[in-house]
Amino acid sequence: MKSGAIVVVCAVLAAVSVLALEENEDFFPHFTKEIPMKPALEYSTSHPPHVTNHTTAPHVTNHTTAPPVTNHTTAPVTNHTTAHVTNHTTAHVTNHTTAHVTNHTTAPTVKPPGPTPPGTMKAGDYNVTTGRGNELCVKAIFEAVIKNQGQKQTNTFIIQPDQTNFTGSCDAMTAKLNLTFTQGNLRFVFTKNTTSNTVFVSSIEGQLKYSFDKDTAVDQSFSNYSLRLLEMKIGSAFVCKQQSVSLGNNLYLELSKEHVQAFNITNGNFGPDDICSADKGNYNIAIAVGVVLLILIIIVIVCYIISRRKSQNGYQAL
């Protein structure tokens with residue numbers, strides 16, 4: 001009975017002590033109230049987006065989705081790279097690369113050669129053989145100029161001998177001289193006429209492609225088959241200072257310092273000179289002027305003699 005009462009008293013005392021402890025925390029300084037733990041802070045670390053190029057990958061978190069890249073030679077090329085990073089950090093990385101590659105191949109425009117520099121006139125020496133050794137059937141020396149007679153001015157193209165190739169052929173009655181240069185060609189046909197005992201150029205033909213200036217360009221063929229040019233006696237050499245012949249379409253061929261012979265060339269040398277009528281006319285004028293001057297001088301002398309005789313007859317001896 002006593003032991004049961006003691007247990008009850010101890011239990012009561014224990015309960016009182018627990019209540020006192022809850023009422024006053026300072027009563028037992030070595031005991032502390034349990035402090036509730038706060039949840040740990042979340043730390044977010046932002047790292048550069050991991051970019052992964054997939055050709056046909058769907059949108060994946062923390063991955064880079066790249067659309068297909070198509071490269072064309074003449075089409076723009078565009079690369080799109082987009083990365084979405086969670087944890088409240090979103091980075092949009094966009095690379096735009098646009099390349100325009102265009103290849104155009106344009107053929108250069110070929111222009112005809114420009115005007116011939118002035119002061120370059122030269123006489124060419126052109127020979128044609130018969131094919132029997134070195135026997136000549138055409139021996140020609142002359143300067144050649146093709147002129148374009150425009151409405152405002154006359155333009156000239158000078159045939160340069162050092163830039164000209166020449167060929168030819170001969171038979172019993174005809175001889176041909178061909179001149180070939182970068183801008184075109186010329187052909188002279190000599191015809192022998194035994195009835196009139198003469199040789200002459202019966203036709204000229206050729207072609208010219210040339211730009212005289214920025215406004216005048218020629219690209220055409222020409223011919224004249226009704227000629228009697230460079231006419232000479234058989235066995236003689238034609239000599240003339242200058243001649244001009246029409247080629248049609250406002251083109252003219254001008255030859256100067258001519259010394260030409262076709263057929264009957266002896267030992268490769270020119271025969272006797274057969275001077276052109278134009279130069280003979282000049283000689284006739286000179287001769288006429290000289291004759292007139294001589295007549296005037298004679299008249300003056302005669303008048304002087306007559307006047308001297310009259311003056312002497314006027315005096316009488318004493």
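Given the structure is predicted, the values throughout are model-derived calculations rather than measurements.
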Quiz item: Is there a donor-acceptor pair closer than 3.5 Å between any side-chain N or O of Q243 and the backbone N or O of L229?
Solution: no
Quiz item: Are I159 and F166 co-members of a hydrophobic cluster defined by side-chain heavy atoms under 4.5 Å apart?
Solution: yes
Self-check item: Test ring-ring contact (aromatic ring centres under 6.0 Å, His included) applied to F188 - qualifying residues, sequence neighbours left out
Solution: F142
Quiz item: Are any side-chain N or O atoms of N127 and backbone N or O atoms of L136, one a donor and one an acceptor, separated by less than 3.5 Å?
Solution: no
Practice problem: Nearest 0.5 Å please: distance from the CG atom of N178 over to the OG1 atom of T180. | Solution: 6.5 Å
Practice problem: Apply side chain to side chain contact (heavy atoms under 4.5 Å, CB included) to H259 and D273, showing your working. | Solution: CA-CA 8 Å; H259 200 178; D273 290 346; 3.4 Å; yes
Quiz prompt | Interatomic spacing from CD1 in I234 to OG1 in T194 - rounded to 0.5 Å | solution = 6.5 Å
Quiz item: At their closest point, which heavy atom of K192 faces which heavy atom of N264, and how far apart are they?
Solution: NZ-OD1, 3.8 Å
Self-check item: Min side-chain heavy-atom separation I204-L247 under 4.5 Å
Solution: yes
Quiz item: In the single-linkage hydrophobic clustering (I, L, V, M, F, W, Y; side-chain heavy atoms under 4.5 Å), do F200 and I275 co-cluster?
Solution: no
Quiz item: Which value, rounded to the nearest 0.5 Å, describes the distance between N193 atom CG and T198 atom OG1?
Solution: 5.0 Å
Self-check item: Test of ring centre spacing under 6.0 Å for F181 and F157
Solution: yes
Self-check item: Qualifying disulfide (SG to SG under 2.5 Å) pairs with a residue from residues 214-253, counting only residues at least two apart or across chains
Solution: C240-C276
Self-check item: Sole candidate of V291, V292, L293 that passes side-chain contact (heavy atoms from CB on, under 4.5 Å) when paired with V289
Solution: L293
Exercise. Might you point out which heavy atoms bring Y225 and E205 nearest each other, and give the distance in Å?
Key: OH-OE1, 2.6 Å
Exercise. Compare every heavy atom of D171 with every heavy atom of F263, then report the nearest pair and how far apart it is.
Key: CE2-O, 3.5 Å
Show me the donor-acceptor pairs within less than 3.5 Å that the side chains of residues 249-256 make with the rest of the protein, sequence neighbours left out.
unit_1 : atom_1 : unit_2 : atom_2 : d
E254   : OE1    : K147   : NZ     : 3.1
E254   : OE2    : Q242   : NE2    : 3.0
S256   : OG     : E143   : OE1    : 3.0

Quiz item: How far does NZ of K122 sit from CD of Q163, to the nearest 0.5 angstrom?
Solution: 8.5 Å
Quiz item: Applying the 4.5 Å side-chain criterion to the ILVMFWY set and letting contacts propagate, would Y126 and L230 be lumped into a single cluster?
Solution: yes
Practice problem: Mind jotting down which residue pairs meet the disulfide (SG to SG under 2.5 Å) criterion with at least one end in residues 122-161? Sequence neighbours excluded, please. | Solution: C137-C170
Exercise. Write down the atom of D279, the atom of V239, and the distance for their closest heavy-atom approach.
Key: OD2-O, 4.3 Å
Self-check item: Atom CG of N267: over 12 foreign heavy atoms under 6.0 Å
Solution: no
Practice problem: Not counting sequence neighbours, which residues clear side-chain hydrogen bond (donor to acceptor under 3.5 Å, both in side chains) with S169? List them please. | Solution: none
Quiz prompt | Nearest heavy-atom neighbours spanning F190 and V138 | solution = CE1-CG1, 4.1 Å
Quiz prompt | Within one Ile-Leu-Val-Met-Phe-Trp-Tyr cluster: F270 and I265, side-chain cutoff 4.5 Å | solution = no
Quiz prompt | Value rounded to 0.5 Å, distance of NZ in K176 from OG1 in T191 | solution = 10.0 Å
Quiz item: Linking I/L/V/M/F/W/Y whenever any side-chain heavy atoms sit under 4.5 Å apart, do L208 and V245 land together?
Solution: yes
Self-check item: Gap separating the OG1 atom of T266 from the CD atom of E135, nearest 0.5 angstrom
Solution: 9.5 Å
Self-check item: Pairs where residues 217-239 contributes a residue and the test salt bridge (charged side-chain N to carboxylate O under 4.0 Å, His left out) is met, not counting sequence neighbours
Solution: R228-E231
Exercise. Check I146 against F212 and note the closest heavy-atom contact, atom names and distance.
Key: O-CE2, 4.2 Å
